[in-house]
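Accompanying notes for the structure given below.
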Amino acid sequence: MNHFLAMTDLDTPKLQALLNRVAAFKSGRDETQFRGKTLALLFEKPSLRTRTSFEVAIRRLGGHSIYYGPQEIGLGQRESVRDVVLVLSRFVDAIAARTFVHSTVTEMARYATIPIVNALTDLEHPCQAVADLQTLAERQGGVAGKNVAYIGDGNNCAISLLYGCALLGAHYRIASPEGYELPAEVTERAWVLCAASGGSLTLLRDPLQAAAGADALYTDVWTSMGQEAERAERVRVFADYQINQAALRAAKPGATILHPLPAHHGEEIAEGILYLDQSAVFDQAENRLWAQMAVLATLFEDRQA
Ligand code: CP
Ligand code: NVA
């Protein structure tokens with residue numbers, strides 16, 4: 001793995017190996033060190049979990065981080081993307097980038113001589129999906145064959161989770177309002193992966209139909225970062241797309257509740273749901289740390305190989 005820009009950078013064995021590594025770091029079985037490695041964090045958008053988990057991860061691996069916030073980067077404005085990564089490639093050992101458009105991270109990867117990690121773009125949030133799958137495996141005893149219901153926007157988190165489920169043979173059902181479905185090129189790619197893994201993808205409109213019999217219920221914000229101008233319209237369109245008591249009743253008893261956070265209580269998730277015993281969202285947040293360690297370790301080792 002040269003870079004980690006999208007879940008489709010992985011095939012099924014590579015994703016399984018990555019998840020094994022996540023579990024190994026979490027249990028303390030893997031104590032691999034990458035002393036002196038430096039990670040640059042280039043963030044065009046705010047972050048709590050992604051920034052913190054990367055900074056703690058590189059520190060635990062024996063290295064350190066440098067954070068550039070939205071005001072400092074000026075990516076493509078103060079300086080071209082190409083020049084920024086050519087310069088950073090001389091100073092640091094990897095870049096984790098959170099950008100508005102996905103093409104920015106693919107452009108970074110084209111010019112960088114160090115690994116680029118997607119720390120969230122408008123298209124994918126692959127590091128989140130690795131933590132999601134780890135959490136699902138912990139709570140459900142595995143991912144293959146599980147029914148995962150995604151309620152809401154066909155956004156970056158929905159896409160990365162779908163690819164992960166498709167690679168691992170899970171059954172992914174998504175209910176989205178008209179106009180907010182997964183992109184057609186994503187579903188076409190996912191169906192190919194499902195055919196090989198034994199997984200499936202079902203596209204629905206009705207959230208309760210998606211939730212019916214689910215092992216896990218997943219949702220994300222109605223309005224993602226960068227879409228703030230659409231908020232009023234999205235609040236109207238997504239009003240029924242919520243994990244609530246009705247969705248819990250439709251799902252299997254004790255179905256695992258997942259959310260990447262930050263959550264908008266009373267919007268995509270009803271008040272109080274996040275704190276139920278069946279909610280794994282804070283394990284999911286913690287697993288971001290072990291996932292980032294596994295991603296960075298894999299990238300550093302693959303570069304050395
Ligand atoms: N889930 C997630 O990526 O959270 P942050 O935006 O806080 O990093
Ligand atoms: N879909 C959300 C995820 C935040 C972690 C966003 O892009 O803002």
Side-chain angles (χ1 to χ4, degrees), residues 4-7 22 39-58 65 67-70 73 95-105 117-136 150-164 174-177 179-183 186 218-231 233-235 237-238 241-243 257-265 267-269 274 279-296:
F4 189 39
L5 305 182
M7 286 302 277
V22 176
L39 172 70
L41 297 160
L42 258 66
F43 278 39
E44 292 184 331
K45 302 174 186 173
S47 170
L48 172 65
R49 282 144 290 272
T50 309
R51 176 183 175 178
T52 311
S53 57
F54 267 118
E55 296 213 33
V56 176
I58 188 72
S65 56
Y67 173 77
Y68 303 93
I73 313 166
I95 299 172
R98 169 166 285 197
T99 64
F100 283 99
V101 292
H102 189 76
S103 59
T104 304
V105 294
V117 184
N118 177 352
L120 180 147
T121 67
D122 59 347
L123 185 64
E124 280 223 34
H125 197 2
C127 295
Q128 178 70 53
V130 174
D132 298 345
L133 296 167
Q134 170 66 18
T135 312
L136 192 59
Y150 186 104
I151 294 175
D153 195 13
N155 65 15
N156 44 12
C157 290
I159 291 170
S160 293
L161 180 68
L162 165 61
Y163 285 138
I174 179 167
S176 308
Y180 298 88
E181 300 95 342
L182 292 166
V186 169
Y218 195 117
T219 192
D220 185 19
V221 290
W222 293 339
T223 306
S224 286
M225 292 181 278
Q227 298 171 335
E228 289 77 9
E230 301 169 25
R231 183 171 154 73
E233 173 68 0
R234 284 173 171 269
V235 166
V237 171
F238 280 93
Y241 289 81
Q242 186 186 62
I243 295 185
I257 296 161
L258 296 166
H259 190 309
L261 303 176
H264 291 116
H265 301 260
E267 292 190 7
E268 78 279 357
I269 191 150
L274 218 56
S279 162
V281 297
F282 298 104
D283 292 345
Q284 193 183 354
E286 177 193 326
N287 283 335
R288 299 293 310 278
L289 167 62
W290 312 114
Q292 316 301 35
M293 288 180 76
V295 166
L296 291 172

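Order of listing sets the numbers, starting from 1, for every ligand and every atom in it.
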Practice item. Enumerate the atoms of ligand 1 whose separation from the nearest heavy atom of Arg98 is less than 4.0 angstrom. Key: 3 (O), 5 (P), 6 (O), 8 (O)
Study note, to complete from the structure: closest protein heavy atom to atom 7 (O) of ligand 2 is Asn156 ND2, 2.9 Å
Review point. Does Lys45 reach ligand 1, in the sense of a heavy atom lying below 4.0 Å from it?
Key: no
**Study point:** Asp153 touching ligand 2 at heavy-atom level, < 4.0 angstrom
**Key:** no
Review point. What part of Leu261, side chain from CB on, backbone N/CA/C/O, both or neither, has a heavy atom under 4.0 Å from ligand 1?
Key: backbone
Review point. Who's the nearest protein heavy-atom neighbour of atom 7 (O) of ligand 1, and how far?
Key: Leu48 N, 2.6 Å
Point to revise | Protein heavy atom at shortest distance from atom 4 (O) of ligand 1 | key: Arg49 NE, 2.8 Å
Check your understanding: For atom 3 (C) of ligand 2, what's the nearest protein heavy atom and its distance?
Key -> Asp220 OD2, 3.6 Å
Check your understanding: atom 8 (O) of ligand 2: which protein heavy atom is closest, and how many Å away?
Key -> Met225 N, 2.8 Å
Study note, to complete from the structure: For His125, the ligand 1 atoms with a heavy-atom partner under 4.0 Å come out as 2 (C), 3 (O)
Exercise for review: Tell me yes or no: between the side chains of Glu181 and Ser176, is some donor less than 3.5 Å from an acceptor?
Suggested key: no
Review point. Should the ring pair Phe238 and Trp222 be called parallel, tilted or perpendicular, given that the plane angle runs from 0 to 90° and is split at 30 and 60?
Key: parallel
Exercise for review: Considering the heavy atoms of Arg288, write down every atom of ligand 1 situated less than 4.0 Å from one of them.
Suggested key: 1 (N), 2 (C), 3 (O)
